[in-house]
Each structure stands twice: as structure tokens, then as C-alpha cells.
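Lettering of chains follows the sequences in order, A, B, ..., and the numbering in each one begins at 1.
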There are 2 protein chains.
Amino acid sequence: MARKPADQSVNREEIITAAADVLSRRGYETATMKDIAAAVNLTAASLYHHFRNKDALLLAVLEMGLEFTINRIQPITCQRGLSAEERLRAMIREHIVGVADNPAVGAAMVFEIHALSNAKPPTRRAKPEDLQAFEAFLTQRDAFFRRRDAFEHLFRAVVQEGVRSGEFHPVDVPIFVKALLGANNWVGVWYRPDGRLSGEAIATEITSYFLPALLMRK
Amino acid sequence: MARKPADQSVNREEIITAAADVLSRRGYETATMKDIAAAVNLTAASLYHHFRNKDALLLAVLEMGLEFTINRIQPITCQRGLSAEERLRAMIREHIVGVADNPAVGAAMVFEIHALSNAKPPTRRAKPEDLQAFEAFLTQRDAFFRRRDAFEHLFRAVVQEGVRSGEFHPVDVPIFVKALLGANNWVGVWYRPDGRLSGEAIATEITSYFLPALLMRK
DNA sequence: GTTATAATCGAATCTGCATTAGATTATTTC
DNA sequence: GAAATAATCTAATGCAGATTCGATTATAAC
């Protein structure tokens, strides 16, 4: 029985952080609850005290990653003193540095999101509470997807504003933003903390690739 | 018993194509052999006549996707009559149009590659033939990864050449190519055949975002 | 310090697949 | 058309891993 010395009670936050790391290394389906639990010195069974099930844990990881990112970027969009160019530069920087500083979260945001769509409903005649819980999960998942769209719209709004005002060369705003976010998200796939360039440096580079298209002289 | 009317014997190629589709929709771990088999009107057991196991099938899907892409792009890199700019434009176009024409393959190339890394060795004292087979799989997988690097180098080479000759503004070639391929790969994630823009149109747009950074006047 | 609740554990379930085994049917070769 | 081989099937097998159960220990309230 010999309970482990009980370092300290583990909380939700720590589990989410550790789970992001495990997920980014093994992928949602391959990572076991046991793996995730081990990362915080727990057993698989104990995780169920903190999260209803594996899907709920995944959702929590992704929500945390998205909120983290939005919290960095949102404030920039409404700084009224700055030009569209200045704001966009700052937003790209925050996005990329955020990904580089938290590669696990960055990778999970790219690779594991579509595991959410495969969440399976409670099998046979499950307890009503389980059906309730699944409904709640679906609602929360939809909210997550809407929030993700909102994130994309932060970028669209700034680019759009620059185009409207004539500060930016006209581009297809949705496509431009998809291309930009594709490049940024991809950083989470290839970035290595011990690589040649820092997150800052990468952000500067990538910014310098996208801005000329907006600023070029006709 | 009533054997199905036996339309026609199914071949490797068809299975790979169907598997790419299933994988892109459900993900490697979630897609079952039964799902994939059903997509070509077979039973799961029958797939094992064509592929040693699920990992081998995944590898075959990814290899096919990569070869398809390389075959479109490689020839462009050595057309000596064309400037670096002209070649790069053509390469981006081929890449994106290829992804848009085969979204299943495009998505699989992005999302399922890292399932390859999780391939598990034969468990206990498996027959020597199984160990052999696993060795072969590892070798083939390594070759795949090298081939993928080679693909990236096709782009690097052209950009590098443009920079060397002064045709392009100096950029950090590896990072530039990562950003470009990130944007291109991402198309496979969001592109919908019934969307607002064709693959061609998207390629034109994205090209117009990356080229100014290379061509701008100091 | 007694009671209530929160965290944790070890040891079962329970199920969904991948994979194998052993026929059966098609197709080719001669 | 007989023999050999290819392609498929149905029906096990086996196992890994999510989830549940019941018990145990820590922590807080009072």
C-alpha cells in the first residue's frame, strides 16, 4: 500500500501542462493516460479525479494553448496609437515567440486539434449523467472552434484595416491570413530550442517575408 | 458464404488511394483497418494480403504522396532556361495545386507523418521473419524521411541560387523555405474543393505574398 | 480529534481493434 | 482441365489501454 510520499497535491494546471508535453511527443491516440499520469507522478486512475475522460483532457490542453495565444495577441489589436503595420508586426512576433517558447503547446495545437472531432459518444445505454457530460463536451468543443475562428479574425481585422485605409497593398485577406498562420503554426512543427535561431529571430525573419507583400509599391 | 460478386481484384494502388482518404478524415490511430478495407469493398483481413500491417500501409500512403509531389516539382528545378524567380513560381504553383487536387494526401502528409515515428516494434519473441520485416520497415522509413528532406532542399536550392546570383534579396534560406512550405502545407488543412477559390487561384495568391520579399528593392 | 471531502492508489472490467488461422473461391499456366 | 498461386472471406485470438470500483490516505473544518 505504501503511498508515495505525496510530494504535494497535483492540480489541474500542472496536469494540462504535462499533458501538452506528452501529447506533442506521442500524439493523442498513442499517448496513454498512464503516460500522462506518469509525467506528474500519478497513476492513470488518479487522472479521472481531475478530468472526466481523455477527450476532456485533450480539450483542456487545447483550450489552454489557445487562450494563452489569444491573451498575448488580443491586446495588440486594440492599441489605437499603432499603425496596422506596427500592430501586425507585433502580433506575428507574439505568435511565433509564443509557439517557440512552448513548442509542446504549439505542436499540440497543430496536430491534435482534429482528434477532437473524433471524440466518440458514450457507447451503449450509459448513465444519463454520461450523456449529459457528452452534451456538455460537445458544447465546449464548439466554443473552442469558435474561439479559434475568433483568433484568426484578429489577424484578418488588422490586415483588412490596413487594406481599407490604403496603408496595405490590396491582398485577399482570408488567404493572406491563412498563409501567414500556416507559416507561423509550422514553426511549432520544426522549431527546436537548441536550434540555430531564437524564437525572436525567427519571428523577425518571417515578418520580413510577409510584410513586403503588403507594403510594396504598386 | 455468398462471396461478393467480385467486381474486380483490388490492387495496391487503389488501396493506398482509399487509405489516404480514410486517414485524412479519421487520422491514423482512429481509422481502423476495417474502415480502410470497407473503402475498397474488402474485409480487414484481406488487406493483409497486400500490406504486412497497418504501419506499412501508412508508410505506403505517405511515400506515394511524397513521390507524387516530388515528381511534379523536381523537373522544374532543372529547367535551365528559367530564372530562379520563374522556377520558384512554378514550384509553388505545382505544390499548392497538387495539394488542392488531392486534399486527402495533403492532409495525410501534414498530420500523419508523426504517426510513423510511433511505430511499435514486434512485441515478444516474434518470429524472426517479423523482426526482419520490422528492420526493413525502419530502413524504409528512414529513406522516406531523407526523401522528405530532399524535397525541402529542392526549394532551398532554387532560393539559394537566386540569392547567390543577386536575383533575390538575401534571406535566411532555410527559414524562408520553412515559412513557404508551412503556408503551402497548411493549404491541405483548410482547403475545400467547393470553396471560394480554386487551387490555381490560391497558388497565385500565395506566390504573390512570398515573392515580393525576394524581389524588393533595397 | 472527529467528520467530511479531496486525492490518490491497486486491481478489476470491458471493449475495440490489429492481427492470425484456416477455409474458400478466382485466376492463371501449362 | 489440373495444378499452382492469388485474392478474398469468416471466425478466432490477443492485447493494450480507457475507464470503473472500492479502499486508503491526506487535508480541512469545526
Which of residues 48-62 of chain B sit near DNA chain C, with a heavy atom under 4.0 Å from it? B/Y48, B/N53, B/K54

Options [options], nucleotide nearest the side-chain atoms of [X]:
| X | options | answer |
| --- | --- | --- |
| B/A44 | C/dT19, D/dC9, C/dC9 | C/dT19 |
| A/T32 | D/dA11, D/dA18, C/dA11 | D/dA18 |
| A/S46 | D/dA18, C/dT8, C/dC17 | C/dT8 |
| A/L42 | C/dG10, C/dT8, D/dC9 | C/dT8 |

Is it the case that the side chains of [Y] and [X] hold a donor-acceptor pair, with the cut-off being a distance below 3.5 Å and no angle test?
| X | Y | value |
| --- | --- | --- |
| A/D142 | A/T139 | no |
| B/D101 | B/Y191 | no |
| B/S46 | B/T43 | yes |

Residue closer to the 5' end of DNA chain D, B/I15 versus A/A31 (nearest nucleotide): B/I15

Starting at atom [atom1] of [X], determine the distance to atom [atom2] of [N], rounded to an integer number of angstrom.
| X | N | atom1 | atom2 | answer |
| --- | --- | --- | --- | --- |
| A/K34 | D/dA16 | NZ | P | 10 Å |
| B/M33 | D/dA11 | CE | P | 20 Å |
| A/R12 | C/dA6 | CZ | P | 15 Å |
| B/N11 | C/dA26 | CG | P | 19 Å |
| B/K120 | C/dA18 | NZ | P | 9 Å |
| B/E29 | D/dA18 | CD | C1' | 14 Å |
| B/L47 | D/dA6 | CG | C1' | 15 Å |

Over-ring placement of B/K178 relative to B/F155, 6.0 Å and 45° cut-offs: no

Could you check whether any side-chain heavy atom of B/E29 comes within less than 4.5 Å of a side-chain heavy atom of B/E112, counting everything from C-beta outward? no

Ring geometry between B/F111 and A/H114 (parallel below 30°, tilted from 30 to 60°, perpendicular above 60°): parallel

Test side-chain contact (heavy atoms from CB on, under 4.5 Å) on B/F134 and B/D55 and set out the steps. CA-CA 10 Å; B/F134 185 67; B/D55 287 333; 5.8 Å; no

